[in-house]
Peer 1: 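Structure in structure tokens, see below.
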Amino acid sequence: MAAKYKSDFLNVLDQRGFIHQISDPEGLDALAAKETITGYVGYDATATSIHIGNLITVTLLYWLQETGHRPISLMGGGTSMVGDPTGREAERQVLTVEKINSNIESIKKVYSRILRYGDGPTDAVMVNNADWLLKLNYVEFLREIGRYFSVNRMLSFDSVKMRLEREQSLTFLEFNYMIMQGYDFTVLNKQYGAVLQMGGSDQWGNIINGVELSHKMGGPQLYALTTPLLTKSSGEKMGKSASGAVWLNGDLFSPYDFWQYFRNTEDADVGKWLKIFTRLPLEEIAKLEALGGSELNEAKKILATEVTAIVHGRDAAEKSAATAAATFEVGAIDLSLPTTEVSRGDLAAGLGLLNALVTVGLAGSNGEARRHVQSGAVRVNDEAVTDERTSLGTSALLPEGVIKLSVGKKKHALLKPV
RNA sequence: GGGAGAGUGUCCCGAGUGGCAAAGGGGGCGGACUGUAAAUCCGCUGGCUAAGCCUUCGUAGGUUCGAGUCCUACCUCUCCCA
């Protein structure tokens with residue numbers, strides 16, 4: 001493959017499909033080819049976990065490190081107190097300081113699995129912008145930083161323009177977000193020598209603000225790089241599943257569900273996802289991608305296992321793959337399916353089917369459970385059940401000592417008496 | 001400060017005449033077809049101890065046999081004037 005860039009870093013990103021826009025490609029390429037650069041990505045601290053959309057930029061940091069540079073993961077402890085208006089129609093909820101800090105603690109875990117942290121020249125660093133943003137003195141900040149921002153120009157940014165056009169409120173609080181993000185870049189440049197900020201394509205405006213700010217303040221040339229917005233071929237945004245957002249923290253979204261999420265990738269996306277989410281060599285991906293028809297399912301399994309291994313560890317990935325194989329391909333009862341315990345006495349007395357479905361989490365209410373039964377979606381121990389008044393007793397226990405409940409072909413759970 | 005408008009099913013968008021569990025989309029879920037895919041077609045998409053009952057249309061009151069719909073006050077947002 002002909003190398004388009006001089007630096008390994010940009011070549012890898014280019015070949016794997018990570019590049020959407022770069023502010024000064026030649027300049028960044030020359031710099032990355034010449035020396036070790038420091039680049040960063042900022043993460044929101046508004047939830048207790050980052051989600052699948054964020055995984056792309058974490059992978060970006062991974063490749064930055066792999067190609068001999070230093071990544072910084074910036075926790076938005078300060079900026080999350082303001083709230084990014086980008087892509088938001090309504091104002092964000094203002095979070096408490098305690099909530100933001102506990103979110104950061106929870107988010108941190110995922111990074112250490114993907115990046116190598118330490119004190120070496122290419123070891124990753126984790127910083128929190130609350131460290132400098134919360135100490136700012138208002139008037140001083142306005143005089144030193146605010147003077148470089150033109151409101152005329154700020155009003156022209158998409159994030160702001162959209163709100164104005166839709167006649168939706170944009171508070172002064174949120175309006176300041178881009179100034180803070182721009183300021184972050186200059187701080188990270190001074191403290192860590194960061195010259196590159198990366199992010200999703202929606203962050204372009206915010207990142208460019210930092211580049212321009214440095215320029216106006218007489219600082220060094222900084223660079224911006226954004227990744228394309230992830231969408232499925234069918235046009236849907238990526239990251240939503242039946243159970244809500246696809247979180248990277250195992251307690252919010254189980255490794256098994258995570259594996260399933262990638263296993264159900266649309267055919268047209270398999271190659272793209274393999275390049276972006278896995279570390280498999282491009283030649284191998286090319287072979288997998290070339291598989292036709294149902295053989296592509298093998299590629300999907302590899303995709304699912306590889307990505308799950310990166311996020312949840314190899315063991316969890318193999319286990320998920322095995323559970324899936326047993327459940328879908330053999331039709332066996334796999335005891336690692338999500339299990340809910342019930343008291344043996346309750347079961348002996350007879351447990352209503354609808355009640356049981358709600359208990360194991362396959363339905364949100366009796367009404368929903370009833371509808372599932374009526375539409376023929378419910379099975380008990382793989383036998384279709386059409387009577388909603390069915391009662392489960394100890395006679396329904398399988399030799400394994402559990403009762404298997406299913407809604408549809410993909411959702412299964414076990415009920416276990418204790 | 002003055003004037004004009006908006007807030008609908010806790011996923012989103014959006015009709016709504018005093019009889020409304022409330023049109024229609026999108027999304028989601030389930031079924032059929034498949035390959036745990038896509039596309040397509042069909043069904044479902046407030047809760048319950050269920051031929052009934054309860055809770056929903058920004059909030060709180062009021063008129064009425066009956067209020068999403070009419071009246072009053074308040075909250076939030078938008079626009080115009082100052």
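These values consider heavy atoms only, across backbone and side chains, with no hydrogens, waters or symmetry-generated copies.
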Peer 1: Assign the ring pair F262(A) / F258(A) to parallel, tilted or perpendicular, where the plane angle (0 to 90°) is split at 30° and 60°.
Peer 2: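 Geometry flag for F258(A) against F262(A): tilted rings.
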Peer 1: In the structure shown, which nucleotide is the Watson-Crick or G-U wobble counterpart of U64(B), with both distances under 3.5 Å?
Peer 2: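 Result: none.
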Peer 1: Just name whichever nucleotide pairs with U34(B), Watson-Crick or G-U, keeping both distances under 3.5 Å, else none.
Peer 2: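 Pair assignment: U34(B) / none.
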Peer 1: Between R379(A) and G408(A) (side chain of the first, backbone of the second, donor and acceptor by atom type, cut-off under 3.5 Å), is there such a pair?
Peer 2: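 Such a contact is found between R379(A) side chain and G408(A) backbone.
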Peer 1: Expressed as a whole number of angstroms, how long is the span from R263(A):CZ to A37(B):C1'?
Peer 2: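 These atoms are roughly 8 Å apart.
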Peer 1: Tell me which nucleotide, if any, is Watson-Crick or G-U wobble paired with A39(B) when both distances must be under 3.5 Å.
Peer 2: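 Base-paired to nothing in any strand shown.
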Peer 1: Considering only the C1' atoms, how many Å lie between G68(B) and A6(B), rounded to the nearest integer?
Peer 2: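 That atom pair is separated by 15 Å.
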Peer 1: Would you measure the distance from the C1' atom in A15(B) across to the matching atom in U8(B) and give it in whole Å?
Peer 2: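 Going atom to atom, C1' in each nucleotide, I get 10 Å.
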Peer 1: Using Watson-Crick or G-U wobble geometry with both distances under 3.5 Å, which nucleotide pairs with U69(B)?
Peer 2: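 Pairing partner: none.
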Peer 1: As an exercise, state the distance from CG of L222(A) to CG of L213(A), rounded to the nearest 0.5 Å.
Peer 2: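 The CG atom of L213(A) is 9.0 Å from CG of L222(A), to the nearest 0.5 Å.
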Peer 1: Strictly by Watson-Crick or wobble contacts shorter than 3.5 Å, is anything paired with C74(B), and which nucleotide is it?
Peer 2: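 Base partner found: G58(B).
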Peer 1: Decide whether S106(A) and N249(A) meet the rule of one side-chain donor and one side-chain acceptor closer than 3.5 Å.
Peer 2: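 N249(A) and S106(A) do have a side-chain donor-acceptor pair below 3.5 Å.
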Peer 1: Ignoring backbone atoms, test whether R371(A) places a side-chain nitrogen or oxygen under 4.0 Å from the OP1 or OP2 oxygen of G47(B).
Peer 2: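 For G47(B), OP1/OP2 do have a side-chain N/O of R371(A) under 4.0 Å.
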Peer 1: Spell out yes or no: do the side chain of K409(A) and the base of U34(B) have one donor N/O and one acceptor N/O closer than 3.5 Å?
Peer 2: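 Result: at least one qualifying N/O pair found.
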Peer 1: For G46(B) and C11(B), measure between their C1' atoms and round to the nearest Å.
Peer 2: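 Result for the C1' pair: 14 Å, nearest Å.
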Peer 1: About how many Å separate OG1 of T226(A) and CD1 of I22(A), when rounded to the nearest 0.5 Å?
Peer 2: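 Those atoms lie 8.5 Å apart.
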Peer 1: Counting only Watson-Crick pairs (N1-N3 plus N6-O4 or O6-N4) and G-U wobbles (N1-O2, O6-N3), all under 3.5 Å, who is the partner of G1(B)?
Peer 2: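 Result: C81(B).
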Peer 1: Using the C1' atom as the point on both nucleotides, what is the distance between U59(B) and C12(B), in whole Å?
Peer 2: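 It works out to 23 Å between them.
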Peer 1: Rounded to whole angstrom units, what separation is found between the NZ atom of K300(A) and the P atom of A38(B)?
Peer 2: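 Checked: the NZ to P distance equals 7 Å.
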Peer 1: Using only heavy-atom distances, decide whether a donor-acceptor pair under 3.5 angstrom links the side-chain of E368(A) to the base of U45(B).
Peer 2: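 It does not, because no donor-acceptor pair links the side chain of E368(A) to the base of U45(B) below 3.5 Å.
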Peer 1: With distance as the sole test, does N129(A) use its side chain to make a donor-acceptor pair with the main-chain N or O of L74(A) at under 3.5 Å?
Peer 2: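 A pair under 3.5 Å: no.
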Peer 1: E388(A) has an atom CD; how far is it from atom C1' of C44(B), in whole Å?
Peer 2: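 Going from E388(A) (CD) to C44(B) (C1'), I get 14 Å.
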Peer 1: Can you check the Q260(A) CD to A37(B) P distance for me, whole Å?
Peer 2: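 For the pair Q260(A) CD and A37(B) P, the rounded distance is 10 Å.
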Peer 1: Quickly work out the L291(A) CG to G35(B) C1' distance and round it to whole Å.
Peer 2: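 After rounding, the gap between these two atoms is 13 Å.
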Peer 1: Taking U10(B) as the reference, what is the distance to G28(B) when you measure between their C1' atoms (whole Å, please)?
Peer 2: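 Nearest-Å result for G28(B) against U10(B) at atom C1': 15 Å.
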Peer 1: Any salt bridge between E368(A) and R371(A), counting N to O under 4.0 Å?
Peer 2: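 Here E368(A) does not pair with R371(A) in a salt bridge, since their nearest N and O are not under 4.0 Å apart.
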Peer 1: For nucleotides G7(B) and G14(B), find the distance between their P atoms and express it as a whole number of Å.
Peer 2: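 Pairwise P distance, G7(B) against G14(B), rounds to 10 Å.
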Peer 1: With respect to the side chain of A377(A), which nucleotide from G30(B), A37(B), U36(B) is positioned closest?
Peer 2: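 Looking only at side-chain atoms, A377(A) lies closest to G30(B).
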Peer 1: Can a side chain N or O of S365(A) be found less than 4.0 Å away from OP1 or OP2 on G47(B)?
Peer 2: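 So the side chain of S365(A) is within the cut-off, an N or O lying under 4.0 Å from OP1 or OP2 of G47(B).
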Peer 1: Is the distance from OP1 or OP2 of U49(B) to the nearest side-chain N or O of N366(A) less than 4.0 Å?
Peer 2: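 Checking N366(A) against U49(B): at least one side-chain N or O falls below 4.0 Å of OP1 or OP2.
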Peer 1: Determine if the base of C20(B) is syn or anti; take syn to mean the glycosidic torsion is within 90° of 0.
Peer 2: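 Syn conformation for C20(B).
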Peer 1: Of the listed nucleotides (A37(B), G30(B), U36(B)), which one gets closest to any side-chain atom of A324(A)?
Peer 2: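 From the listed options, U36(B) comes nearest.
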Peer 1: Atom CG of N297(A) to atom C1' of G35(B): distance rounded to whole Å?
Peer 2: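 Between C1' of G35(B) and CG of N297(A): 5 Å.
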Peer 1: Measuring only the C1' atom in each nucleotide, how far is C33(B) from U40(B)? A whole number of Å is fine.
Peer 2: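 Nearest-Å result for C33(B) against U40(B) at atom C1': 9 Å.
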Peer 1: Find the distance R379(A):CZ to U36(B):P and express it as a whole number of Å.
Peer 2: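 Atom-to-atom, R379(A) to U36(B), this comes out as 13 Å.
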Peer 1: What does C48(B) pair with, Watson-Crick or G-U, if both distances are under 3.5 Å?
Peer 2: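 Its partner is G52(B) (Watson-Crick or G-U wobble, both distances under 3.5 Å).
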Peer 1: For the C1' atoms, the ones on A82(B) and on G62(B), what distance do you get once it is rounded to whole angstrom?
Peer 2: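 It works out to 35 Å between them.
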Peer 1: Could you tell me how far apart K411(A) (NZ) and C29(B) (P) are, to the nearest whole angstrom?
Peer 2: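 Taking NZ of K411(A) and P of C29(B), I get 7 Å after rounding.
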Peer 1: Taking any strand in view, what nucleotide pairs with A15(B) in a Watson-Crick or G-U wobble way, both distances under 3.5 Å?
Peer 2: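 Base-paired to nothing in any strand shown.
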